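These notes are about the structure you will find just below.
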Amino acid sequence: MDEDRKTPEQRAQMTDIERLRHSTAHVLATAILKIWPEAQFAAGPPVDNGFYYDVDLPHRISPDDFEKIEAEMKKEIKANHPFERVEVSRDEALALGTKGRLAALSDRNEPSKFKLDIIENIPPGETISLYRNGDFIDLCAGPHVMRTGNIGAFKLTSLASAYYKGDEKNPQLQRVYGTAFKTRKELDDYFAMLEEAKKRDHRKLGRELELFVFDDDVGPGLPMFLPRGAVIAEELEKLAKETEFAAGYQRVRTPHIARESLYRKSGHVPYYVESMFPPMELLEEGDRKKLENLAIAKAKHLKSFDEASERVWVRFFDELKKPETSREDLFDELGLINAAEDADRAQIARIDELSRSLGDRYYLKAMNCPHHHKLFAALPRSYRDLPLRLAEYGTDYRYEKSGELFGLMRVRSLQMNDAHLYMTPEQFEAEFNAVNQMYLNYFKLFGIDKYLMRFSTHDPAKLGQKFVDEPELWKKTEDMTRNVLKNSGINFVEVPNEAAFYGPKIDVQAWSVIGREFSIATNQVDFAQPRSFDLRYKDRDNTEKTPICIHRAPLGTHERFIGFLIEHYAGNFPLWLSPEQVRILTIGDEPELLDYARAILNELRGHQVRAEIDISTDKINGKIQRAEQMKVHTMFVIGKRDLEAKVISVRVHGRGNLGATPRDEVISTLLEQIKTRAA
RNA sequence: GCCGACGUAGCUCAGCUGGUAGAGCAACGGUUUCGUAAACCGUAGGUCACGGGUUCGAAUCCCGUCGUCGGCUCCA
């Protein structure tokens, strides 16, 4: 924690709006104390869209309390108290905290426990400061606005719970969120913007445009695509297949499940097993009984060991009490405890191993790489075969925690634009760059201009737990990747401790128009799995070598990418992606007119255009209204006049009536736009 | 997973402190023949998420389960 601590200088660099919001947090605390004087406060910083203050309070704050709290806040703002800074010594700060005076309106019977803890964590020599507004005094580095009256407009927004310092071992606090602006208008604009954002929410549009649904009987996080949504997935697949074919990829197909042994080799068990669905067990009747008995044996063993270990510890503490027991004897005692624990672990491991040897276990695949590695290994490979690029729109299942699920963005079933590239070290730079280039081309096509490349590296402290234990290879591949990034001139930020378990990676983060953040693409280096799968190629010098592998998914998963595109385009897809590209709307229902409309429909469908026809009894305005609501890209409005002149009146969603044009011209322009994936 | 809010017709929502469920749109059946964002009339549609409890009586109150949403990194 301490190494990440902000210096007082860094804290002082708050923007004006952060400063305002931070001050509002103090006003919030002031108001809460007026209502509940026993409240204990922890931290109250400004955050992205506002501020919060964490409070420990027996009363459970509900949104119904907001009005009351806001009324007290308004009084404090109206009083226009100055924010006064006072620097104090550590002893003075501790004395105030002990009297309960920190984050309080007066001395209290209970000490300000969180504030005292925070003081403990302030490094020696660093200035300790307090801020005061009216009766409220808080331990605070600042900075603040000059007076409470400078807070123009604010609103409490929501409640959440949060662990003190984000650690689940710490007590749970109530977190009150709010936001504040200099002026009332800015506050209103902010809430208006949130309303606008809601309209673009992919979950809302997904329902309205009939793209996808969730169903309780199918299960949480398991989206099903309706025909209109499936169209988008298929168009994306076509795009990927074309692009990848041109880039020398080859397509493969693999099953959705595999035996446990595959995932032991890959390292998914144990490194990734938390994120996988529990295995399907194929057991004979007798095996099941054996397995139950082994589970009982394990439980008994753990229990008897606990009791035995308790006795040993008691003996150790007894010895500890006797001053005459020598240092050496005490260490010997400890050594006995360790030895006993090791023996115990070995026995537990043997029981686990016996359990595993029974029956067969199959996992739903969470990634496609192990299967692809097996395909690499299926044939003898020469350096002449490299780089070998195996691509598949693989279907994966990941057991995301229930609280993490979110619309299409975080799901448990997903289809990934996946491929694994196997290469020699000399080929790495070119391949890695080509993948990055592929992203950038896609981004251009979709008009994504705001994105960030995150280069994730490992944390040496977590080797063997979160990351495979290969310190040398980590360093080598991270250096190699960093160099490629630097040489290519792509902007990136480096994020420690977020690598995949098998190697460093690059994620491309983008923001949808409503400001929601997405990791949409990924490019990962894997030095670990090729080794554990013993993948080899015969090099020029007739020796066998292990290839480097790149995992990459430039369009991420269908689920997330489609979710992103829905918000990005606000449901107004470009022609080539549009679920319904053309709807023909007839004015009247004379047989000749319907024949003309149907002939156009058939011609379009003959060219693989997704076209529909509306010959309902609605008036033309009604037909247009419905087509517009479904965001149909192009409407062909066909009446008697069009029939006679052999023209089509074209109306484009969002652009209105474009007038009548000869039939052949309209259709050839349309086909050309689809073919070129025009924006 | 944890904390909180929410769950009423296909969709959007109403239903006050408990008295037996309602509107608009969509659907369906008619009538209407309309030139660029909604013609008219009618019909049907609900185990009020699920399970239990309190009560003479529960969509409404209580408990549990499931699901959805917000938050759980941002450190005086």
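Just so it is clear, the structure is predicted and the values come from calculations on it, not from any experiment. Proteins come first, then strands; the chains are lettered A, B, ... in the order of their sequence lines, and each starts at number 1.
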For a quick check of understanding: with a heavy-atom distance under 4.0 Å over all strands, which category does [X] fall into, base, sugar-phosphate or nothing?
| X | answer |
| --- | --- |
| N621(A) | sugar-phosphate |
| K623(A) | nothing |
| R641(A) | base |

Find every protein N or O atom lying less than 3.5 Å from an N or O atom of nucleotides 64-69 of chain B, and list the pairs.
unit_1, atom_1, unit_2, atom_2, d
G67(B), O2', D216(A), OD1, 3.4
C69(B), OP1, G407(A), N, 3.2
C69(B), O3', R203(A), NH1, 3.1

Aromatic ring pairing [X]/[Y], orientation class (parallel under 30°, perpendicular over 60°, tilted between):
| X | Y | value |
| --- | --- | --- |
| F83(A) | H26(A) | perpendicular |
| F455(A) | F492(A) | perpendicular |
| F277(A) | Y399(A) | perpendicular |
| H568(A) | F564(A) | parallel |

Taking atom [atom1] in both [N] and [M], compute the distance separating them and give it to the nearest angstrom.
| N | M | atom1 | answer |
| --- | --- | --- | --- |
| G7(B) | C48(B) | C1' | 10 Å |
| C40(B) | U32(B) | C1' | 7 Å |
| U60(B) | A49(B) | C1' | 16 Å |
| A58(B) | C16(B) | C1' | 16 Å |
| U54(B) | C62(B) | C1' | 7 Å |
| G19(B) | G46(B) | P | 23 Å |
| G15(B) | A9(B) | C1' | 14 Å |
| U20(B) | U33(B) | P | 45 Å |

side-chain hydrogen bond (donor to acceptor under 3.5 Å, both in side chains): pairs with one or both residues in residues 635-646 of chain A, sequence neighbours excluded = D642(A)-S649(A)

Taking atom [atom2] of [N] as reference, at what distance in whole Å does atom [atom1] of [X] sit?
| X | N | atom1 | atom2 | value |
| --- | --- | --- | --- | --- |
| L585(A) | A37(B) | CG | C1' | 11 Å |
| R655(A) | A37(B) | CZ | P | 16 Å |
| M630(A) | C25(B) | CE | P | 18 Å |

Which nucleotide in the list [options] gets nearest to the side chain of [X]?
| X | options | value |
| --- | --- | --- |
| A43(A) | C75(B), A38(B), C72(B) | C75(B) |
| Q625(A) | U33(B), A37(B), G35(B) | A37(B) |
| D642(A) | U36(B), G35(B), C74(B) | G35(B) |
| Q629(A) | A38(B), A37(B), C74(B) | A38(B) |
| R651(A) | C75(B), A37(B), G35(B) | A37(B) |

Applying a 3.5 Å limit to both distances, which nucleotide forms a Watson-Crick or G-U wobble pair with [N]?
| N | answer |
| --- | --- |
| G64(B) | C50(B) |
| A23(B) | U12(B) |
| C72(B) | G1(B) |
| A39(B) | U31(B) |
| A44(B) | none |

Does U12(B) have OP1 or OP2 sitting under 4.0 Å from an N or O in the side chain of R207(A)?
-> yes

OP1, OP2 of U73(B) versus side-chain N and O of Y52(A): anything below 4.0 Å?
-> no

Axial cation check for F212(A) ring with R228(A), 6.0 Å and 45° limits | no

Can R412(A) be said to sit on top of Y397(A)'s aromatic six-ring, NZ or CZ under 6.0 Å from centre and within 45° of the ring axis?
-> no

Answer yes or no: side-chain N or O of [X] and base N or O of [N] forming a donor-acceptor pair under 3.5 Å.
| X | N | result |
| --- | --- | --- |
| R626(A) | A26(B) | no |
| N657(A) | G35(B) | no |
| T617(A) | U33(B) | no |

Which atom pair, heavy atoms only, marks the closest approach of R21(A) to T179(A)?
-> NH2-OG1, 3.7 Å

Select from T586(A) and G622(A) the residue whose nearest nucleotide in RNA chain B is closer to the 5' end of that strand.
-> T586(A)

Of E208(A) and L593(A), the one whose closest RNA chain B nucleotide lies more 5' = E208(A)

For the atom pair OG (S616(A)) and CZ (R626(A)), what is the distance rounded to the nearest 0.5 Å?
-> 4.5 Å

